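One structure below.
Heavy-atom basis, side chains included; hydrogens, waters and symmetry copies ignored. Just follow the structure's listing: the first ligand is 1, and inside any ligand the first atom is 1. From a predicted model like this one, the values you see are computed outputs, not experimental measurements.
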Amino acid sequence: MQLTDSLGRNINYLRLSVTDRCNMRCFYCMPKEGIFKKGHEAVLSYEELQLIAETAVGLGIEKIRITGGEPLVRAGIVAFLERLAGITGLRHLALTSNGLLLADMAADLKRAGVQRLNVSMDSLDPETFKQITRGGDLGRVLAGLDAAEKAGFPPPKINVVIMRGVNDSEIFDFVEMTRRRGNSVRFIEYMPVVREQGWQRYCISGDEILQRIAGRYNLEQVDKGRYAGPSRDFRIPGAQGSLGIITAVSGHFCSECNRIRVTSTGQAKGCLFSDQKTDLIPFLRPPDREGLEQTLRNIVTTKPERHGISNDGYTHKNFTMAQVGG
Ligand code: SAM
Ligand code: SF4
């Protein structure tokens with residue numbers, strides 16, 4: 001079955017957040033004091049998350065990415081992933097992590113049936129990494145990448161948020177990773193969600209990132225897979241890993257968007273930057289499969305055509321990526 005929105009976009013991808021807590025405090029994602037801790041009952045139980053996943057797959061979702069906050073900090077995550085992997089019709093189960101706990105958990109994640117890992121890593125310099133994450137240990141993340149490959153995962157995809165004056169001098173180091181280590185690297189435009197003063201100074205467009213890379217390397221265009229997100233993908237001839245540019249802010253994105261999102265508190269969203277969201281709790285407590293199915297269908301049908309974050313005067317309610325799942 002295919003799930004199609006009112007503009008004919010095939011919606012086959014659900015990003016499911018299992019927690020808004022995190023063991024890091026990346027400055028672009030969360031305030032340093034963390035985010036308001038919700039009570040236990042506000043966060044969906046694994047049974048509720050499973051019901052959402054099963055219902056979405058029944059409607060035509062083929063790929064689920066587990067995200068957060070940091071998904072690996074939630075107790076019981078491995079057993080949950082194993083149950084998700086068993087859902088009939090789910091073709092692709094992936095997880096996005098900051099990698100801090102990966103060294104200890106990679107083998108269990110592989111056994112549970114996770115197929116791909118994305119790891120967010122914004123610097124290859126331990127000090128810069130510490131500053132961006134407010135204390136994170138780069139060595140642990142690199143050990144996590146090694147453990148993932150040892151456990152049998154393909155080299156994890158690396159997500160890098162590029163910020164001017166913070167880590168843009170490392171663009172070529174990340175490019176080199178695609179041939180040195182074989183990881184695919186995706187450069188993400190910095191999005192102003194935690195609005196600290198003067199946030200504009202960090203913004204650097206995907207086009208500029210691409211121009212800088214193309215000024216030094218020959219790039220081949222890469223054909224994307226069926227579930228790939230809306231990145232533009234390239235490869236240095238001969239490199240095992242590819243390079244992706246995600247221009248979420250500056251555009252080229254919405255017409256190919258194939259995803260919906262559900263937060264760890266049960267808010268479903270058709271667009272990351274829309275204030276439009278639907279509370280799924282009434283269909284989970286008690287479980288109402290039919291109501292849930294209809295509601296998820298509506299979210300797809302009413303999915304906005306595009307976000308307006310690059311429009312003049314655009315405003316949205318403040319949120320943190322950790323609450324919505326990036
Ligand atoms: N904790 C996990 C991690 O860091 O990969 C998963 C959740 S995190 C919210 C998901 C993705 O959102 C990460 O790749 C992160 O870099 C990205 N992200 C968070 N805040 C962002 C921002 N302001 N601009 C661009 N990307 C952001
Ligand atoms: Fe945590 Fe990921 Fe947000 Fe960093 S980007 S604070 S690791 S949720």
Q: Give the single entry among Tyr202, Tyr28, Trp199 that approaches atom 27 (C) of ligand 1 most closely by any heavy atom.
A: Tyr28
Q: For Asn98, take its heavy atoms, then give the atoms of ligand 2 lying under 4.0 Å from any of them.
A: 7 (S)
Q: Below 4.0 angstrom from a heavy atom of Gly69, which ligand 2 atoms are there? Numbered from 1 as shown, please.
A: 8 (S)
(Q) Looking at Glu208 and Arg212, is there a salt bridge between them, counting it only when a charged N and a carboxylate O are closer than 4.0 Å? (A) yes
Q: Can you figure out which of Ser120, Pro71, Ser17, Pro192 has its heavy atom closest to atom 14 (O) of ligand 1?
A: Ser120
Q: Would you check if there is a donor-acceptor pair between the side chains of Ser17 and Arg261 at a distance under 3.5 Å?
A: no
**Q.** Between Gln267 and Asp279: side-chain donor-acceptor atoms closer than 3.5 Å
**A.** yes
**Q.** Polar side chain donor-acceptor pair, Glu54 to Gln50, under 3.5 angstrom
**A.** yes
Q. Going by the angle between their ring planes, with limits at 30° and 60°, are Tyr28 and Tyr190 parallel, tilted or perpendicular?
A. perpendicular
**Q.** Where ligand 1 meets Gly68 - atom numbers and elements under 4.0 angstrom, heavy-atom basis
**A.** 7 (C), 9 (C)
Q) For Leu44 and Thr263, which heavy atoms make the closest approach, and how far apart are they? A) CD1-O, 4.1 Å
Q.
For ligand 1, which is the ligand I care about here, please tell me if Val161 has any N or O atom under 3.5 Å from one of the ligand's N or O atoms.
A. no
Q: Give a yes-or-no answer on whether the side chains of Ser242 and Ser184 include a donor-acceptor pair shorter than 3.5 Å.
A: yes
Q: Check whether any N, O or S atom of Cys26 sits under 2.8 Å from atom 4 (Fe) of ligand 2.
A: yes
Q | Which segment of Met24 sits under 4.0 Å of ligand 1 when only heavy atoms are counted | A | neither
Q) With a 4.0 Å cut-off on heavy atoms, does Ser120 reach ligand 2? A) no
Q. Gly69 heavy atoms, cut-off 4.0 Å: which ligand 1 atoms fall inside?
A. 1 (N), 2 (C), 6 (C), 7 (C)
(Q) Quick test of your reading of the model: are Asp146 and Arg181 salt-bridged, counting only N-O distances below 4.0 Å? (A) yes
(Q) Please report whether ligand 1 has a polar contact with Thr67, defined as an N or O pair separated by less than 3.5 Å (distance criterion only). (A) no
Q: Considering the heavy atoms of Glu70, write down every atom of ligand 1 situated less than 4.0 Å from one of them.
A: 1 (N), 2 (C)
Q | Within-cut-off N or O pair, Thr96 and ligand 1, under 3.5 Å | A | no
Q. With a cut-off of 2.8 Å, does Cys29 place any N/O/S atom under that distance from atom 1 (Fe) of ligand 2?
A. no
(Q) Evaluate Ile188 for polar contact with ligand 1, using N/O atom pairs at a separation under 3.5 Å. (A) no
Q) Do Asn258 and Asn10 get their side chains close enough for a donor-acceptor pair, meaning under 3.5 Å? A) no
Q: Ignoring hydrogens and angles, state whether a donor on the side chain of Ser123 or Glu170 is under 3.5 Å from an acceptor on the partner side chain.
A: yes
